Number of protein chains: 2
Amino acid sequence: MPETHHHNHPTADVETKVAWAVARCRENGLRRTKAMEELLRTLAVENRPMRLAELAESEALATQCDPATVYRLLLRLEAQGVIRRLGLHERSAFFIFLYPGEHHDFLICTDCGKIEEIGMACPVEALENEVGRKFGYQRIYHELEFFGLCPACVG
Amino acid sequence: MPETHHHNHPTADVETKVAWAVARCRENGLRRTKAMEELLRTLAVENRPMRLAELAESEALATQCDPATVYRLLLRLEAQGVIRRLGLHERSAFFIFLYPGEHHDFLICTDCGKIEEIGMACPVEALENEVGRKFGYQRIYHELEFFGLCPACVG
DNA sequence: GTACCTGCAAAACCTTTGCAGCATC
DNA sequence: GATGCTGCAAAGGTTTTGCAGGTAC
């Protein structure tokens with residue numbers, strides 16, 4: 001299965017995504033734990049960028065494990081390529097489920113920090129390939145974010 | 001002068017940029033200080049994303065002022081729209097000089113963190129306008145970053 | 001049984017703020 | 001002279017790590 005391609009297509013079923021991610025982690029030697037599954041499921045259900053703190057306090061995980069565990073899990077899952085860390089200008093990092101064939105672009109309010117997803121075709125794919133070739137980078141992907149004042153903050 | 005437009009064109013002269021930024025700040029009631037000028041000049045000369053710590057330790061500023069001052073200056077300059085804060089996945093924020101008509105897209109190594117600028121036409125401008133209209137956002141701009149393993153880290 | 005994973009707690013880092021004194025306008 | 005800017009120092013918030021014990025395989 002390809003690492004990434006950027007067509008927006010219908011979101012896969014949550015359990016399908018979780019099963020895929022767990023399988024991939026296990027293939028690479030990670031142990032299947034309750035916390036891993038719950039973390040992946042939370043990210044798959046929410047399907048939006050979430051912070052460590054938010055995840056650690058979520059119903060599914062708060063009773064399940066320590067924030068430090070969530071932190072270390074996020075590192076492992078990112079290394080496995082089943083989640084991605086995003087830089088969205090906040091002080092804390094955001095993480096989102098990374099499922100093959102799905103791509104997300106976001107619109108962030110510079111005032112209130114609201115994050116919404118843009119369900120529009122992303123025009124960057126061709127450039128991405130060209131950049132990879134020209135600069136000799138491997139495993140390339142991109143992040144595209146739009147920033148501006150949302151209607152509520154424009155007042 | 002328009003807030004932003006995204007044609008890549010030859011970089012303006014450093015002193016021109018600094019003078020423009022200082023003028024704009026003064027028009028909006030900020031006081032002209034040595035630290036402000038040095039900070040702007042450093043960013044204009046380097047013309048790349050820099051962190052607070054890096055700026056505060058730079059030759060021009062280390063002898064000039066306290067890190068807290070650099071921090072507060074960065075906030076003010078960002079509010080004036082003469083610099084921009086970038087989210088590049090590091091724990092600390094990056095800032096870059098923002099001159100009308102100039103646009104930057106970056107390529108960042110996911111392993112060593114090297115940041116290079118891509119001098120290629122950015123295909124996002126049309127989408128940016130459409131997103132602004134569709135979602136009702138004002139003062140919209142975008143950030144496009146490519147991530148991957150640089151040749152040295154592929155090794 | 002072994003290697004990995006977890007909880008707890010502390011350290012490390014970067015950012016942010018309070019306040020008294022100084023510089024710009 | 002008034003207001004904003006600065007330096008110093010301390011607080012705040014998130015991330016990161018050490019270590020002893022528990023768990024998946």
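Per chain, numbering begins at 1; letters A, B, ... match sequence-line order. Bear in mind that the values here come from a model prediction, so they are computed numbers and not experimental data.
The nearest heavy atom of DNA chain D to B/Arg91 and to B/Val70 marks one nucleotide each, and the one closer to the 5' end goes with B/Val70. Nearer the 5' end of DNA chain C, as judged by each residue's closest nucleotide, is the contact made by B/Leu52, out of B/Lys34 and B/Leu52.
Backbone-only contact: B/Gln64 has heavy atoms under 4.0 Å from sugar-phosphate atoms and none from a base. Residue contacts shown for B/Ala93 are limited to sugar-phosphate atoms, with no base heavy atom under 4.0 Å away. Within the nucleic acid shown, B/Arg72 comes within 4.0 Å of at least one base atom, counting heavy atoms only.
The side chain of B/Thr69 contributes an N or O atom lying less than 4.0 Å from OP1 or OP2 of D/dG7. Phosphate proximity of D/dC25 to A/Arg26: present, with a side-chain N or O under 4.0 Å from OP1 or OP2. Between C/dT16 and B/Tyr71, a contact under 4.0 Å exists linking OP1 or OP2 to a side-chain N or O. B/Thr33 has a side-chain polar atom (N or O) that falls below the 4.0 Å cut-off from OP1 or OP2 of D/dT6. Contact between the side-chain N/O atoms of B/Arg76 and the OP1/OP2 oxygens of D/dT6 is found at a separation under 4.0 Å.
Formation of a donor-acceptor pair under 3.5 Å by the A/Arg24 side chain with backbone atoms of A/Gln80 is found in this model.
Taking 4.0 Å as the cut-off between side-chain N and carboxylate O, A/Arg32 and A/Glu37 count as a salt-bridged pair.
Linking Ile, Leu, Val, Met, Phe, Trp and Tyr whenever their side-chain heavy atoms come within less than 4.5 Å leaves A/Ile115 and A/Leu149 in two separate clusters.
For A/Ala35, taking side-chain heavy atoms from C-beta onward, the closest of the listed nucleotides D/dC5, C/dT6, D/dC8 is C/dT6. The side chain of B/Leu73 lies closest to D/dT6 when the candidates are D/dC25, C/dT15, D/dT6. Here C/dC5 is the nucleotide among C/dT17, D/dT16, C/dC5 with the atom lying nearest to any side-chain atom of A/Leu30. Among D/dC8, C/dC25, D/dA24, the nucleotide with an atom closest to any side-chain atom of A/Arg31 is D/dA24.
What separates NE2 of B/His89 from P of D/dT14 is a distance of 19 Å, to the nearest Å. One can place CG of A/Leu75 at 7 Å from P of D/dT16, the figure rounded to the nearest angstrom. Rounded to whole angstrom, the span from the CD atom of B/Glu54 across to the P atom of C/dC14 amounts to 12 Å. Separating the CZ atom of B/Arg32 from the P atom of D/dT6 is a distance of 14 Å, rounded to the nearest angstrom. Taking atom CG on A/Asn28 and atom P on C/dC4, their separation rounds to 14 Å, with Å as the unit. In this structure, the CG atom of A/Leu39 is 14 Å from the C1' atom of C/dC5, given to the nearest Å. Rounded to whole angstrom, the span from the CD atom of A/Glu37 across to the P atom of D/dT23 amounts to 17 Å. Atom CG in A/Asp66 sits roughly 14 Å away from atom C1' in D/dG18 (whole-Å rounding).
Annotation: cation-pi geometry satisfied between A/Arg84 and A/Tyr141 (NZ/CZ under 6.0 angstrom from ring centroid, within 45° of ring axis).
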Working note: A/His89 + A/Phe147, criterion ring pair (Phe, Tyr, Trp, His ring centres under 6.0 Å); need CA distance, chi angles, decisive distance, verdict. CA-CA 10 Å; A/His89 281 207; A/Phe147 297 89; 4.3 Å; yes
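Of the N and O atoms on the side chains of B/Glu128 and B/Tyr137, not one donor lies less than 3.5 Å from an acceptor on the other residue.
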